[in-house]
S.K.: 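Here it is: the structure, laid out below.
Since the model is a prediction, treat every value here as computed from it, not as a measurement. All values below come from the heavy atoms of this structure, side chains included, with hydrogens, waters and symmetry mates left out. The first residue of the sequence shown is numbered 1, and numbering continues consecutively from there.
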Amino acid sequence: MRKAEYGRQFYQFFRKLRKERGVTLQQLCYGLCSMGAVQSMGEKGDWMPDILLQDCLMERMGIVEEDYVNLLNQEEYRHWEARMQILHCITFGETERAEALLGAYEETCDINKPLERQFYLAMKAQVRRSRGGSGEELSALFEEAAGMTVPREAWGKLSKLALSVKELNLLLEAEKYQREGERPQRYREVADYIEGSGMENIARVRIYPKAVYFMCRCMLQNRREDAEWDGEALLGYCRRAVALLRQNKRMYYLWEILDLMGKLAALTAEKMRGRGQGEKVQALEVLYQEQAEWKNALVELYREWKVPRETTDFCYLYVMKNVYCVNDVIRIRRNMFGLSQKELCSGICSVKTLRRLEQGSTNPHRKTAAQLLERLGIPGEFTRTELVTERPEAWRLMEQLHDSMNKGEWEAADRLRVYIQKMVSMEIPLNRQTLMREALLIRWRKGELAAEEYCTRMQEVLELTLPCHTVLQEGKKFLTGEEQSCILNWMQGMDGNSEEYLLWTRRLEEIYQPYIEAGLWEGIWNMYELVAEHVGSACGDRGDYDRADWYRGFILRGCLYFRRMGSIHHSLYDRWRNNDMQKRRCILPDRTLDEEEELSKCILFSILAEDRRSEDFYRRKLEAIRKR
């Protein structure tokens with residue numbers, strides 16, 4: 001693929017999204033780059049945005065790169081590592097190390113570039129806040145950071161702008177510390193802007209709860225007894241924020257909003273009683289009881305794992321996931337396939353070029369990298385983890401398919417799969433692999449396949465891009481997210497106590513261990529959360545309860561720090577199950593867990609995560625225990 005072709009293809013991708021979102025070219029480029037540069041990308045293909053600008057342009061169109069694969073050259077990858085380590089230290093409260101890393105970042109990176117300086121100032125503000133920095137100092141930092149891409153004169157004209165979640169976040173922070181004091185109407189403007197935008201839910205959930213929390217907190221703090229204020233409207237904002245968090249399995253500002261809802265409900269109920277609105281008061285009391293249960297359960301969990309219950313940073317906005325060094329990927333994948341350098345590069349580039357690429361002494365041209373990757377079973381295009389397509393509607397349908405599968409609605413999921421299959425090119429191996437895997441999983445869940453046939457067929461799906469023996473052998477591995485999903489789904493049909501199952505868990509764990517050791521958890525957490533669940537279950541099944549509990553604790557701490565709720569109830573259940581199995585085998589556990597109390601927690605967190613299938617399972621377990 002020539003550079004010009006890649007540039008135009010990327011431009012078409014952007015243009016489709018921009019038209020769908022109703023974003024003008026002027027809005028897209030405002031404060032970031034010239035419109036001429038973007039037009040040049042489409043017309044001549046002689047310009048491509050760097051990774052930071054690309055990220056910001058995408059966010060301004062309402063999408064975040066959480067589900068995209070980012071293959072960076074060696075220099076870009078080292079830069080990503082430096083940013084991730086700063087983010088990790090701030091998230092985990094390692095303030096001194098974060099400060100030192102930020103100082104090194106200032107020395108080695110060109111922080112005069114607007115997006116680089118914006119990141120630097122945002123991180124510096126967070127470090128200074130944890131050090132007890134003054135409001136005046138924080139105001140100056142946040143105002144300068146926001147102003148790097150959103151000029152000050154435009155702050156009051158949100159409806160005319162297309163802003164990324166990072167830019168909206170900095171506007172919220174700048175408002176919080178502004179010298180004249182907070183203005184709740186400015187927070188409402190941001191919340192309303194987000195509600196009316198075309199953001200994807202995964203982008204919206206990162207910023208809308210914060211805007212709602214800032215608005216409601218400010219209004220409560222400045223409430224006067226003699227003033228009229230609309231508590232029902234504020235509760236409506238809170239309900240929508242909580243619903244968005246639950247739908248996307250996130251917990252950004254969840255505890256804070258639940259706490260505010262209790263106060264708002266009490267104040268609003270008092271006003272309603274004075275008006276004789278008894279039915280509305282009863283509805284508020286039900287709401288208050290529900291949010292109080294969730295809030296108290298969260299408080300207990302945060303306390304147990306010694307994680308701050310407040311959302312104290314916004315590092316999650318800057319975490320770029322699924323990031324890999326293309327030089328390393330090509331070298332590792334070639335070795336996995338047992339190819340010589342000559343065999344891999346034949347017809348693409350010289351052996352000398354490939355050797356220098358693998359040694360990291362040169363960065364590959366886009367065309368060369370794309371051709372080498374495709375020969376190794378990896379899409380060379382800019383793509384999401386599951387599909388290669390320029391059609392945004394296909395991605396949305398995939399989200400609906402996943403939602404249907406999570407709810408156990410197998411027929412609906414299969415209809416969506418068939419529809420998606422007609423929309424995307426099945427000549428592309430990744431698309432074929434993804435949709436065949438989903439088809440097999442649906443049939444397996446419907447009980448149409450025996451375990452042996454399911455495992456055989458899933459192995460065939462994996463081997464569309466990767467022979468399974470290349471994963472089981474010793475040595476470094478690189479697997480695409482879809483290949484890992486195939487393996488994890490395949491393992492569901494295996495005997496959890498078999499040597500085959502244990503070998504697969506070890507190989508998957510080995511892939512992620514370097515990231516964990518380097519403090520890069522956040523960048524790989526989406527998939528590692530699933531892998532760690534399988535590894536922990538395998539440990540429990542073979543009686544290694546201490547190791548199993550370590551994994552459960554690791555998952556729980558990660559979910560709490562990264563504000564993710566999807567795996568909490570699974571981890572709590574597996575912890576209880578390990579405890580129960582130890583007691584049954586007359587092994588004294590580290591702590592005795594109350595069966596009914598633990599299963600009640602599982603039920604509550606499965607309700608919070610809107611996981612009906614798991615909720616029903618826990619209820620059956622609880623009912624069986626009570627009948628003993």
S.K.: Check step by step if side chain to side chain contact (heavy atoms under 4.5 Å, CB included) holds for M336 and L466.
M.R.: CA-CA 9 Å; M336 287 176 64; L466 182 71; 3.8 Å; yes

S.K.: Ignoring hydrogens and geometry, is there a side-chain-to-backbone donor-acceptor pair from R552 to S571 under 3.5 Å?
M.R.: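 No: the side chain of R552 does not pair with the backbone of S571.
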
S.K.: Is the shortest heavy-atom distance from the side chain of I487 to the side chain of L479 under 4.5 Å?
M.R.: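 In short, these two side chains touch, coming nearer than 4.5 Å.
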
S.K.: As an exercise, state the distance from CZ of F562 to CD of E522, rounded to the nearest 0.5 Å.
M.R.: 4.0 Å

S.K.: If you compare all heavy atoms of E75 against all heavy atoms of N363, which two are closest, and at what distance to 0.1 Å?
M.R.: N-OD1, 4.4 Å

S.K.: Would you call the rings of F554 and W521 parallel, tilted or perpendicular, taking 30° and 60° as the class edges?
M.R.: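 Tilted.
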
S.K.: Within the side chain of N327, is there an N or O that forms a donor-acceptor pair under 3.5 Å with the backbone of L357?
M.R.: yes

S.K.: I'd like to know if the side chain of Y105 pairs up with that of E116 as donor and acceptor (distance under 3.5 Å, no hydrogens or angles considered).
M.R.: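 Checked: Y105/E116 side chains pair up, N/O donor to acceptor below 3.5 Å.
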
S.K.: Measuring from atom CG of N489 to atom CD of E482, what distance do you get when rounded to the nearest 0.5 angstrom?
M.R.: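 If I round to the nearest 0.5 Å, the distance is 8.0 Å.
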
S.K.: Begin from the C-alpha positions of W504 and Y501 and carry the test ring pair (Phe, Tyr, Trp, His ring centres under 6.0 Å) through to its verdict.
M.R.: CA-CA 5 Å; W504 279 111; Y501 186 95; 10.0 Å; no

S.K.: Would you call K476 and D328 a salt bridge, taking side-chain N to carboxylate O under 4.0 Å as the test?
M.R.: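 Salt bridge: no.
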
S.K.: May I ask you to test the Q459-W490 pair for a side-chain heavy-atom distance under 4.5 Å?
M.R.: yes

S.K.: Between Y454 and W444, how do the two ring planes meet: parallel, tilted or perpendicular, split at 30° and 60°?
M.R.: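 Aromatic pair Y454/W444 classed parallel.
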
S.K.: Any idea which heavy atoms bring M84 and G523 closest together, and the distance?
M.R.: CE-N, 3.4 Å

S.K.: Do the side chain of W80 and the main chain of M320 share a donor and acceptor less than 3.5 angstrom apart?
M.R.: yes

S.K.: Whether the side chain of N406 engages the backbone of H402 through a donor-acceptor N/O pair (distance < 3.5 Å, no angle test) should be reported.
M.R.: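 Flag set: sc N406 to bb H402 pair under 3.5 Å.
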
S.K.: What's the separation between atom NE2 in H79 and atom CG in L52, rounded to the nearest 0.5 Å?
M.R.: 6.0 Å

S.K.: Quick one: does S346's side chain have a donor or acceptor within less than 3.5 Å of a partner on K342's backbone?
M.R.: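 No, the answer is negative, given that no donor and acceptor are paired below the 3.5 Å cut-off.
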
S.K.: Name the one of E358, R331, K352 that satisfies side-chain contact (heavy atoms from CB on, under 4.5 Å) with Q341?
M.R.: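 Only match with Q341 under side-chain contact (heavy atoms from CB on, under 4.5 Å): E358.
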
S.K.: Could you go through the side chain to side chain contact (heavy atoms under 4.5 Å, CB included) check for Y318 and D313 one step at a time?
M.R.: CA-CA 11 Å; Y318 290 86; D313 66 75; over 6 Å; no

S.K.: Does M61 offer a backbone N or O that forms a donor-acceptor pair with the side chain of R21 under 3.5 Å?
M.R.: yes

S.K.: Locate the shortest heavy-atom distance separating M123 from F314; write the atom from each residue and the value.
M.R.: CE-CE1, 4.2 Å

S.K.: Salt-bridge test for R396 and E20: reply yes if a basic N is under 4.0 Å from a carboxylate O, no otherwise.
M.R.: yes

S.K.: Run the salt-bridge test on E411 and K446 with the 4.0 Å N-O cut-off and return the result as yes or no.
M.R.: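 Salt bridge: yes.
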
S.K.: Can you give me the closest heavy-atom contact between W525 and C559, atom names plus distance?
M.R.: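 Where W525 meets C559 most closely, the heavy atoms are CZ2-N, 3.9 Å.
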
S.K.: Ring pair (Phe, Tyr, Trp, His ring centres under 6.0 Å) between Y515 and Y528: does it pass, once the steps are laid out?
M.R.: CA-CA 10 Å; Y515 293 92; Y528 185 69; 9.3 Å; no

S.K.: For N526 and R564, which I'm curious about, is there any donor-acceptor pair between the side chains at under 3.5 Å?
M.R.: yes

S.K.: Counting only heavy atoms from other residues, nucleotides and ligands, does the tally under 6.0 Å from CD of Q513 exceed 12?
M.R.: yes

S.K.: Test your reading of the model: is there a side-chain donor-acceptor pair from S567 to the backbone of H570, 3.5 Å cut-off?
M.R.: no

S.K.: Indicate yes or no: at least one non-hydrogen side-chain atom of M458 is less than 4.5 angstrom from one of L462.
M.R.: no

S.K.: Write down the atom of Y324, the atom of V329, and the distance for their closest heavy-atom approach.
M.R.: CB-CG2, 3.7 Å

S.K.: For a side chain to side chain contact (heavy atoms under 4.5 Å, CB included) check, start with the C-alpha distance between I524 and I516, then their side-chain angles and the critical distance, and finish with the verdict.
M.R.: CA-CA 9 Å; I524 47 88; I516 303 302; 4.1 Å; yes

S.K.: Check the surroundings of atom CD in E427: do more than 12 heavy atoms from other residues, nucleotides or ligands lie under 6.0 Å from it?
M.R.: no

S.K.: If you look at every heavy atom in R97 and C89, which pair is closest and at what distance?
M.R.: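 Heavy-atom minimum between the residues: NH1-SG, 3.2 Å.
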
S.K.: Between E483 (side chain) and T480 (backbone), is there a donor-acceptor pair under 3.5 Å?
M.R.: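 At least one qualifying donor-acceptor pair exists.
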
S.K.: We want to know whether Q421 and R417 form a side-chain donor-acceptor pair, criterion being a heavy-atom distance below 3.5 angstrom.
M.R.: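 Present: a donor and an acceptor within the cut-off.
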
S.K.: Return yes if some donor-acceptor pair links the side-chain N/O of D541 with the main-chain N/O of N497 below 3.5 Å, else return no.
M.R.: no

S.K.: Pair E409, D403 - check side chain to side chain contact (heavy atoms under 4.5 Å, CB included), show working.
M.R.: CA-CA 9 Å; E409 299 169 351; D403 186 56; 5.7 Å; no

S.K.: For S361, does its backbone N or O pair with a side-chain atom of Q74 as donor and acceptor, under 3.5 Å?
M.R.: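 Checking the backbone N and O of S361 against the side chain of Q74, no donor-acceptor pair under 3.5 Å is found.
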
S.K.: Rounded to the nearest 0.5 Å, how far does CH2 of W305 lie from CG of L556?
M.R.: 5.5 Å

S.K.: Is it the case that the side chains of H534 and Q492 hold a donor-acceptor pair, with the cut-off being a distance below 3.5 Å and no angle test?
M.R.: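 No - no donor-acceptor pair under 3.5 Å links their side chains.
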
S.K.: About how many Å separate CG of L530 and CE of M527, when rounded to the nearest 0.5 Å?
M.R.: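 Rounded to the nearest 0.5 Å, the CE-CG separation comes to 6.0 Å.
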
S.K.: Can you tell me how far OG of S164 sits from CD1 of I63, rounded to the nearest 0.5 angstrom?
M.R.: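 Between atom CD1 of I63 and atom OG of S164 there are 12.0 Å.
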
S.K.: Going by atom types only, do Q400 and Y419 share a side-chain donor-acceptor pair under 3.5 Å?
M.R.: no

S.K.: May I ask you to say whether R507 pairs ionically with E474, meaning some side-chain N is under 4.0 Å from a carboxylate O?
M.R.: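 A salt bridge links R507 with E474.
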
S.K.: Just wondering, do M565 and K249 contact through their side chains at under 4.5 Å, heavy atoms?
M.R.: yes

